[in-house]
Engineer: 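Pasting a structure here, questions to come.
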Amino acid sequence: MTEFQAKFDQAIWRTVSKIKPGRVMSYGQVARAAGFPRHARMVSKAMSRSVEPLPWYRVIRSDYTLAFEVGGVGYNKQRSKLEKEGVRFMGKKVVPVETDDSAGLDALLWGPTE
DNA sequence: CCCTTGACTATCT
DNA sequence: GAGATAGCCAAGG
């Protein structure tokens, strides 16, 4: 275990554990928030080194797709965990909360129906 | 040292 | 949208 990993891991774990259920963050965002910009590619390693369980499945790519091969074991596991928390998908992509129109688009376009 | 490897990203075609 | 390409950067061979 290098000294870099010791500090990096701590920062990443702290950041990932703060992601709220139903929300997601990209590898790049996590790295940046942890204080290590340009280290997106190392986030996954840090998470896999964690002994304590982390909401690793709430970390996805910047284009809102999952990092695992579609249909693969890892992909299915991550996706089901996310969906269980209410994260919705459109094809291969996660529907961002801010864009989730399930409850608000009609209201935005046509006004409240009540 | 040099080269390859990633649960990555931004930017072109 | 799907590829290709070029950056990115610590680790391990």
Engineer: Output yes when at least one side-chain N/O atom of A:Ser62 is less than 4.0 Å from OP1 or OP2 of B:dT9, else no.
Structural biologist: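 Yes, such a contact exists.
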
Engineer: Please walk me through it: do A:Lys92 and A:Leu66 pass side-chain contact (heavy atoms from CB on, under 4.5 Å)?
Structural biologist: CA-CA 8 Å; A:Lys92 311 172 181 179; A:Leu66 305 191; over 6 Å; no

Engineer: According to a 4.5 Å side-chain heavy-atom criterion applied to Ile, Leu, Val, Met, Phe, Trp and Tyr, with indirect links allowed, do A:Ile60 and A:Val95 form part of one hydrophobic cluster?
Structural biologist: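 No, separate clusters.
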
Engineer: Between C:dA2, C:dA10, B:dC8, spot the one nearest the side chain of A:His39, thanks.
Structural biologist: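 In terms of side-chain proximity for A:His39, the closest of C:dA2, C:dA10, B:dC8 is C:dA10.
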
Engineer: Of the listed nucleotides (C:dC9, B:dA7, C:dA11), which one gets closest to any side-chain atom of A:Met42?
Structural biologist: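 Side chain of A:Met42 sits closest to C:dC9.
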
Engineer: Provide, to the nearest angstrom, the distance between the CE atom belonging to A:Met1 and the P atom belonging to C:dA10.
Structural biologist: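 That distance rounds to 16 Å.
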
Engineer: Base, sugar-phosphate alone, or nothing: which one does A:Lys93 contact when heavy atoms must sit under 4.0 Å apart?
Structural biologist: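 Sugar-phosphate contact only.
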
Engineer: Using only modelled atom types and a 3.5 angstrom limit, is any donor from either the side chain of A:Arg38 or the base of C:dC8 paired with an acceptor on the other?
Structural biologist: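 Looking at the base of C:dC8, it does not pair with any donor or acceptor on the side chain of A:Arg38 (distance under 3.5 Å).
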
Engineer: When the nearest nucleotide of DNA chain B is assigned to A:Tyr27 and to A:Arg32 on a heavy-atom basis, which residue is associated with the more 5' position?
Structural biologist: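 Nearest-nucleotide comparison on DNA chain B picks A:Tyr27.
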
Engineer: Just compare C:dA11, B:dC8, B:dG6 and give me whichever is closest to any side-chain atom of A:Ala67.
Structural biologist: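 Within the option list, the nearest is B:dC8.
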
Engineer: Just to be sure I understand the rule, does A:Ser26 reach a base, reach only the sugar-phosphate, or reach nothing, if contact means heavy atoms closer than 4.0 Å?
Structural biologist: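 A:Ser26: backbone/sugar contact only, no base atoms under 4.0 Å.
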
Engineer: Name the residue closer to the 5' end of DNA chain C, choosing between A:Arg49 and A:Arg41 according to the nucleotide with the nearest heavy atom.
Structural biologist: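 Taking each residue's closest nucleotide, the earlier one in sequence belongs to A:Arg41.
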
Engineer: Spell out, as yes or no, whether a donor-acceptor pair under 3.5 Å connects the side chain of A:Gln5 to the backbone of A:Thr2.
Structural biologist: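 Answer holds: yes.
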
Engineer: If I compare all heavy atoms of A:Leu82 with all of A:Arg58, which pair ends up nearest, and what's the gap?
Structural biologist: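 So the two residues come closest at CD2-CA, 4.1 Å.
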
Engineer: Any link between A:Val59 and A:Val97 through a network of hydrophobic side chains (Ile, Leu, Val, Met, Phe, Trp, Tyr) touching at under 4.5 Å?
Structural biologist: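 Unlinked, A:Val59 and A:Val97 end up in two clusters.
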
Engineer: Using a cut-off of less than 4.0 Å, is there contact between a side-chain N or O of A:Arg61 and OP1 or OP2 of B:dC8?
Structural biologist: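 For A:Arg61, the contact criterion (side-chain N or O under 4.0 Å from OP1 or OP2 of B:dC8) is met.
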
Engineer: Using the C1' atoms only, state how far C:dG13 lies from B:dC1, rounded to an integer number of Å.
Structural biologist: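 Result for the C1' pair: 12 Å, nearest Å.
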
Engineer: Has A:Thr2 got a side-chain N or O lying under 4.0 Å from the OP1 or OP2 atom of C:dA10?
Structural biologist: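 It does not, given that no N or O in the side chain of A:Thr2 lies less than 4.0 Å from OP1 or OP2 of C:dA10.
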
Engineer: When we call it a touch if two heavy atoms are under 4.0 Å apart, what does A:Gln5 touch: a base, just sugar-phosphate, or nothing?
Structural biologist: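 It contacts sugar-phosphate atoms only.
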
